[in-house]
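Atom set for the values below is all heavy atoms of this structure, side chains included, hydrogens, waters and symmetry mates excluded.
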Amino acid sequence: MGLAQQSNTSYQKRVLETSEIDVLFSYYGQDGQNAAVTGGEGTEELTDATSTIVLRMPMNENDVLTVDVGLSAYTSASSSNVNPLDGGNINTTPFDASSGESRKDLLAYINPSYQHSSEDRNSIWSANAYFSTEYDYFSIGFGGSYSRLFNEKNTELTLSGNVFLDKWNAIYPIELREGFFDDRITGNGTYNPNFSVFDKENRNSYSVSLSFSQILSKKLQGALFMDVVSQNGLLSTPFQRVYFGDTEDFFIDDFQLADDVERLPDTRFKIPFGGRLNYYVNDLVILRSYYRFYWDDWGITSHTFSIEAPFKVTDKFTLYPTYRYYTQSAADYFYAKEEAVSTFEFYTSDYDLSKYDAHQYGLGIQYKDIFANSKILTFGLKTIDLRFSKYDRSDGLDANILTLGATFIGN
């Protein structure tokens, strides 16, 4: 008598066993005296509070849907001076914020993505979309990636691409808008800048990324990556003033009126590449290092180096000391206040495009609830992270960054 063939009852492990929720909050506060809105001289005071929720849901054994939603609310002394005259300041100056409505804004975004893994888990496809809006800017994007694992999953190669199609609602400095008049203007002659609005307000970005990661030994893992980015359209920021060295100066109180706004090429090509190296020292310490080189056709080259050393204090608590160093050369079109002249084709006084060095020091702590015993509704607490960073730049800009994040898992 023949035996009936037994059906295959092997268990297929799910890519994601249960739904997860990340709840994130960050606070960023900066100060400095080189605001691009006021031509490279003026307050850079800014605060930004961002709240984000990321929901990951298993659709079946192989597919995961992720939805990332966020709100970012900021107040900016420098952007308030797009119109320094709309507040109640007794003396108008670039070193004080206007009290008008332009001092604050809100950014909202949603970023859904879908990931599919093959049954042998050696291939992973993903697709994503992106939508964001704020007062003067709207962005949509889409992209995808493909990852392939080799060598018993010790080697991974990933190719990805993204497209962003953005649209400005161009806001210009108040004195450059049509019909502007103020009888308090002082200076030699008549204030009549040779200004024209941008004829196009679109900005498109295209990127292709390639990454390669390899487990080198039981204690060592490395990765290499490279991006190619192309942008075209309105790459200037319409409300950032520029002051020329060959024109007369005009003021309202102590606030100098713009000679023009930032003018930059309508194309930009970027190539960053670098790598990561992680070393498992022992059960208590892991060293994570990162390096990136960046080049673009605006004349900027930069180097980034960072190191993190997670230290396991107990089974539940881990400390994360971090350090990051960054240095860059200046763009070909950067000029400090009144160094550019009116005959130049391109110019900016945005110190983000200047030559500078920056140091960032940080410390974080993570709590991990191995069994997710703490509950909120039906979700158990998996981890909670608290991190603080101090950022110092050689041009005088400094910032404090606080982030708080928690991950919850479903039953």
(request) Evaluate the criterion side chain to side chain donor-acceptor pair (under 3.5 Å) for residue pair Asp48 and Thr50; output intermediate values, then yes/no. (result) CA-CA 6 Å; Asp48 180 278; Thr50 301; 2.7 Å; yes

Does [Y] offer a backbone N or O that forms a donor-acceptor pair with the side chain of [X] under 3.5 Å?
{"X": "Glu134", "Y": "Leu106", "answer": "no"}
{"X": "Gln231", "Y": "Arg268", "answer": "no"}
{"X": "Arg241", "Y": "Gly40", "answer": "no"}
{"X": "Asn111", "Y": "Ala129", "answer": "yes"}
{"X": "Trp298", "Y": "Thr267", "answer": "yes"}
{"X": "Arg203", "Y": "Leu234", "answer": "yes"}
{"X": "Ser236", "Y": "Pro238", "answer": "no"}
{"X": "Gln115", "Y": "Ser126", "answer": "no"}
{"X": "Asn169", "Y": "Tyr137", "answer": "no"}
{"X": "Asn282", "Y": "Leu284", "answer": "yes"}

(request) Give the ring-plane orientation class for Trp295 versus Phe269, where under 30° counts as parallel, over 60° as perpendicular and anything between as tilted. (result)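 Taking Phe269 first and then Trp295, their aromatic rings stand perpendicular (interplane angle over 60°).
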
Measuring from atom [atom1] of [X] to atom [atom2] of [Y], what distance do you get when rounded to the nearest 0.5 angstrom?
{"X": "Thr133", "Y": "Ile140", "atom1": "OG1", "atom2": "CD1", "value": "12.0 Å"}
{"X": "Thr18", "Y": "Met57", "atom1": "OG1", "atom2": "CE", "value": "11.5 Å"}
{"X": "Leu24", "Y": "Ser51", "atom1": "CG", "atom2": "OG", "value": "9.0 Å"}
{"X": "Tyr325", "Y": "Tyr291", "atom1": "OH", "atom2": "OH", "value": "11.0 Å"}
{"X": "Lys153", "Y": "Ile215", "atom1": "NZ", "atom2": "CD1", "value": "11.0 Å"}
{"X": "Glu44", "Y": "Gln33", "atom1": "CD", "atom2": "CD", "value": "7.5 Å"}

Is a side-chain donor-acceptor pair under 3.5 Å present for [Y] with [X]?
{"X": "Tyr146", "Y": "Ser123", "result": "yes"}
{"X": "Ser302", "Y": "Gln328", "result": "no"}
{"X": "His116", "Y": "Asn62", "result": "no"}
{"X": "Thr93", "Y": "Asn91", "result": "no"}
{"X": "Ser342", "Y": "Asp246", "result": "yes"}
{"X": "Asn81", "Y": "Thr38", "result": "no"}
{"X": "Ser209", "Y": "Asp227", "result": "yes"}

(request) Could you go through the side chain to side chain contact (heavy atoms under 4.5 Å, CB included) check for Glu248 and Tyr191 one step at a time? (result) CA-CA 9 Å; Glu248 293 291 339; Tyr191 177 64; over 6 Å; no

Just checking [X] against [Y], ring centres under 6.0 Å apart?
{"X": "Tyr351", "Y": "Tyr356", "answer": "no"}
{"X": "Tyr391", "Y": "Tyr28", "answer": "no"}
{"X": "Tyr347", "Y": "Tyr333", "answer": "no"}
{"X": "Phe138", "Y": "Phe131", "answer": "no"}

(request) Decide side chain to side chain contact (heavy atoms under 4.5 Å, CB included) for Thr75 and Glu45; before the verdict, give the C-alpha distance in whole Å, the side-chain angles of both, and the deciding distance to 0.1 Å. (result) CA-CA 9 Å; Thr75 59; Glu45 184 181 351; over 6 Å; no

(request) Would you please name every residue forming a side-chain contact (heavy atoms from CB on, under 4.5 Å) with Glu338, sequence neighbours left out? (result)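 Partners of Glu338 by the side-chain contact (heavy atoms from CB on, under 4.5 Å) criterion, ordered by chain and then number, come out as Tyr243, Asp249, Gln256.
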
(message) The test is side chain to side chain donor-acceptor pair (under 3.5 Å); show your working for Tyr294 and Asp296 and say whether it passes.
(response) CA-CA 7 Å; Tyr294 169 91; Asp296 70 27; 2.6 Å; yes

May I have the list of side-chain donor-acceptor pairs in residues 195-202 shorter than 3.5 Å, sequence neighbours left out?
residue	atom	partner	partner atom	Å
Glu201	OE1	Lys167	NZ	3.3

Which pairs of donor and acceptor atoms, one on a side chain in residues 400-407, lie under 3.5 Å apart (sequence neighbours left out)?
residue	atom	partner	partner atom	Å
Thr407	OG1	Asp22	OD1	2.6

Do [X] and [Y] touch side chain to side chain, with heavy atoms closer than 4.5 Å?
{"X": "Tyr114", "Y": "Met59", "answer": "yes"}
{"X": "Leu353", "Y": "Leu264", "answer": "yes"}
{"X": "Val261", "Y": "Phe239", "answer": "no"}

(message) Run Ser205 and Asp166 through side chain to side chain donor-acceptor pair (under 3.5 Å) and show every step you take.
(response) CA-CA 8 Å; Ser205 302; Asp166 306 339; 4.8 Å; no

(request) Apply the test side chain to side chain contact (heavy atoms under 4.5 Å, CB included) to residues Gln360 and Thr322: give CA-CA distance (whole Å), side-chain angles for both, the deciding distance (0.1 Å), then the verdict. (result) CA-CA 8 Å; Gln360 183 171 323; Thr322 62; over 6 Å; no

(message) Tell me whether the count of non-hydrogen atoms from other residues, nucleotides or ligands lying under 6.0 Å of OH in Tyr323 goes above 12.
(response)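 It does: Tyr323 OH has more than 12 such atoms within range.
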
(message) Tell me whether Ile53 at atom CD1 has more than 12 heavy atoms from other residues, nucleotides or ligands lying less than 6.0 Å away.
(response)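 No, CD1 of Ile53 has 12 or fewer neighbouring heavy atoms, counting only those of other groups under 6.0 Å.
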
(message) Go through it in stages, so that I can follow the logic: the residues are Ser145 and Ser160, the test is side chain to side chain donor-acceptor pair (under 3.5 Å), and I'd like the CA-CA distance, side-chain angles, deciding distance and then a yes or no.
(response) CA-CA 4 Å; Ser145 69; Ser160 62; 5.8 Å; no

(request) May I ask you to decide whether Glu308 forms a salt bridge with Arg387, counting only side-chain N to carboxylate O separations under 4.0 Å? (result)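 Arg387 and Glu308: salt-bridged.
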
